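Working notes for the structure below.
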Amino acid sequence: MLGQMMSMPLLTSSLLLHAESQHGDREIVTRRVEGDIHRMTYRDLGRRARQLASALVGRGVQPGRRVATLAWNTHRHMELYYAVSGMGSVLHTINPRLHADQVVYIADHAEDQVLFFDLTFLPLVEAIAGRVGTIRTFVAMTDRAHMPASKIDGLLCYEDLLAAEDDRFEWPEFSEEEAATLCYTSGTTGNPKGVLYSHRSTLLHTYAAALPDSLNCSARDTILPVVPMFHVNAWGLPYVACMVGAKLVFPGAGLDGKSLYELFEAEGVTLSAGVPTVWQGLLSHVAANDLRFSTMRRTVIGGSACPPAMIRSFQDEHGVQVIHAWGMTEMSPLGTVCALKARHDALTPDQRLAVQSTQGRAVFGVSMKIVDPDGRALPHDGAASGDLLVRGPWVVSRYFREEGPGPLVDGWFPTGDVARIDADGFMQITDRSKDVIKSGGEWIGSIDLENIAMAHPAVAMAACIAARHPKWDERPLLIVVRRPGMALSREELLAFYDGKIAKWWTPDDVVFVDSIPLGATGKMLKHKLREQYKDHELPAA
Ligand code: ADP
């Protein structure tokens with residue numbers, strides 16, 4: 001027997017309509033790329049998103065087609081989030097820190113039609129404009145007064161586009177299974193892979209993310225997402241903010257400790273979110289200048305493991321509660337949040353810190369299991385460690401336009417993380433089985449770096465692994481076997497990377513060895529190398 005309740009699709013436009021009607025005068029503040037502070041309300045957001053949708057429909061952007069951005073966290077990016085998905089098209093947020101070749105690959109793979117970009121990224125856009133296959137329209141996210149001189153043919157101005165439209169656009173109703181946004185992540189095979197979020201997955205994720213034992217957001221909060229909007233939808237905060245009616249503060253390009261601290265204080269920020277590297281910059285600034293947070297109450301830390309010393313510094317010195325969270329692009333991204341249970345109140349501060357250093361427990365909607373190399377489930381006893389698999393309504397089922405069987409194993413998504421889970425459900429990542437390197441919260445593809453090294457005439461074999469780094473968490477380390485009789489120095493090999501990748505992808509160090517351990521099928525045994533070089537000291541660290 002079917003239930004008899006209204007069947008209403010879960011669409012992102014409903015979040016915007018709710019924010020407009022229930023929290024219309026709540027503020028959205030942006031430190032603009034142009035340099036000043038911009039203020040508007042959710043009511044303005046609704047109006048401007050409708051104008052933008054009108055402009056895009058008027059330019060022939062059809063439902064399901066991809067609209068790309070290369071942009072910071074700003075109110076205009078927020079308008080694009082709601083306008084593009086709301087009209088039934090797909091917002092594709094591209095990571096501007098990637099090398100131009102990768103941006104071209106991703107934009108072509110996604111078949112993007114329009115590209116919106118912040119002025120900061122004009123040089124990148126000029127480098128790719130003549131090379132991308134499907135983008136016909138380029139829009140600079142600025143006003144007429146700040147339009148740059150550019151070689152890009154027919155470059156459009158964002159504010160002009162909006163000004164030409166009225167705000168009578170009506171958000172269409174369609175299936176909640178339709179795609180809303182697209183985000184590429186570095187796969188283990190070198191080429192980035194697209195994760196295509198649906199309206200339904202996004203809305204369910206939003207409910208889960210807002211809960212008290214998740215990111216704990218309410219109408220009384222002022223949220224400043226430091227995590228970029230090109231990085232898994234800023235961990236869902238642009239949606240959560242509309243759902244709960246929080247004031248939003250966007251930092252634009254100012255992500256250094258000083259800029260962030262000033263914005264936190266000026267706007268009364270209560271909740272923020274970002275990777276450990278960002279918080280390290282902020283904490284150093286605060287310590288060096290003997291400053292205090294007067295309004296900050298909580299901060300979400302994820303993307304890489306949060307060091308216990310950072311938790312202690314935030315909580316004990318500043319009274320800012322750390323919410324340690326784990327997730328991934330393939331999971332929208334929220335998987336676990338480290339929210340303590342009532343019985344943890346009885347723990348000593350050190351015991352509590354140990355619990356808080358784990359990645360936390362699954363939010364409702366995400367199921368987790370750990371398995372041994374034969375795929376057999378391991379106990380959740382806090383001791384057994386195995387490959388971590390997940391499932392849930394906001395977990396990827398297949399990558400965008402990927403042929404073949406897809407990533408799932410018996411309906412579960414293998415995360416590439418190795419973890420243990422205790423009897424309380426708290427998960428702790430112990431290692432990574434995937435080969436990608438995570439530096440300051442951003443991926444570096446180890447296979448790309450190996451391929452470049454292997455292209456050098458003096459290199460016989462090269463493996464790239466992550467080495468620990470105090471600031472960036474992980475940095476690439478190259479293990480290289482030279483060709484017999486050939487000379488090659490560390491500096492010569494590193495110089496070989498110039499221009500072939502984004503500069504920050506360049507390995508930090510090279511170790512020359514006689515051989516690299518291989519498995520039965522001839523594959524390099526990188527876990528052996530990781531074990532062997534786990535204490536390798538990088539020269540710059
Ligand atoms: P995001 O960085 O936005 O969470 P990515 O897809 O770029 O998403 O990275 C996901 C991977 O980052 C995870 O599979 C895991 O290896 C690592 N990661 C994310 N959060 C944590 C965390 N809290 N502790 C340890 N590793 C983490």
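Not measured: the values here are computed from a predicted model. Whatever order the structure lists ligands and atoms in, that order sets their numbers, starting from 1.
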Are [X] and [Y] close enough that their ring centres sit under 6.0 Å apart?
X	Y	value
H324	F426	no
F121	W72	yes
Y184	H109	yes

I need the nearest protein heavy-atom contact for [atom]: residue, atom name and distance, please.
atom	answer
atom 13 (C) of ligand 1	D417 OD2, 3.3 Å
atom 18 (N) of ligand 1	G303 O, 3.2 Å
atom 9 (O) of ligand 1	K438 NZ, 2.9 Å
atom 24 (N) of ligand 1	Q359 NE2, 2.9 Å
atom 25 (C) of ligand 1	A305 N, 3.2 Å
atom 7 (O) of ligand 1	W443 NE1, 2.9 Å
atom 23 (N) of ligand 1	A325 O, 2.8 Å

Backbone or side-chain N or O of I429 under 3.5 Å from ligand 1 N or O: no
Sub-3.5 Å N/O-N/O distance, T329 and ligand 1: yes
Atoms in ligand 1 with a heavy atom of W235 nearer than 4.0 Å: 3 (O)
Numbered atoms of ligand 1 (with element) below 4.0 Å of V232, judged on heavy atoms: 3 (O)
The single option from I501, V103, L70 passing side-chain contact (heavy atoms from CB on, under 4.5 Å) against L98: V103
D221 versus T270, side-chain donor and acceptor atoms under 3.5 Å: yes
H380 and D422 side chains, donor-acceptor separation under 3.5 Å: no
C306 contact mode with ligand 1 (heavy-atom cut-off under 4.0 Å): neither
Student check: side-chain heavy atoms of V114 and F116 closer than 4.5 Å: yes
Non-hydrogen atom of M331 closer than 4.0 Å to ligand 1: no
Ligand 1 contact by G327, heavy-atom criterion under 4.0 angstrom: yes
Would you call [X] and [Y] a salt bridge, using N to O less than 4.0 angstrom?
X	Y	value
R312	D350	yes
K438	D473	no
K534	D431	no

Heavy-atom nearest option to atom 14 (O) of ligand 1, drawn from E474, R432, K434: K434
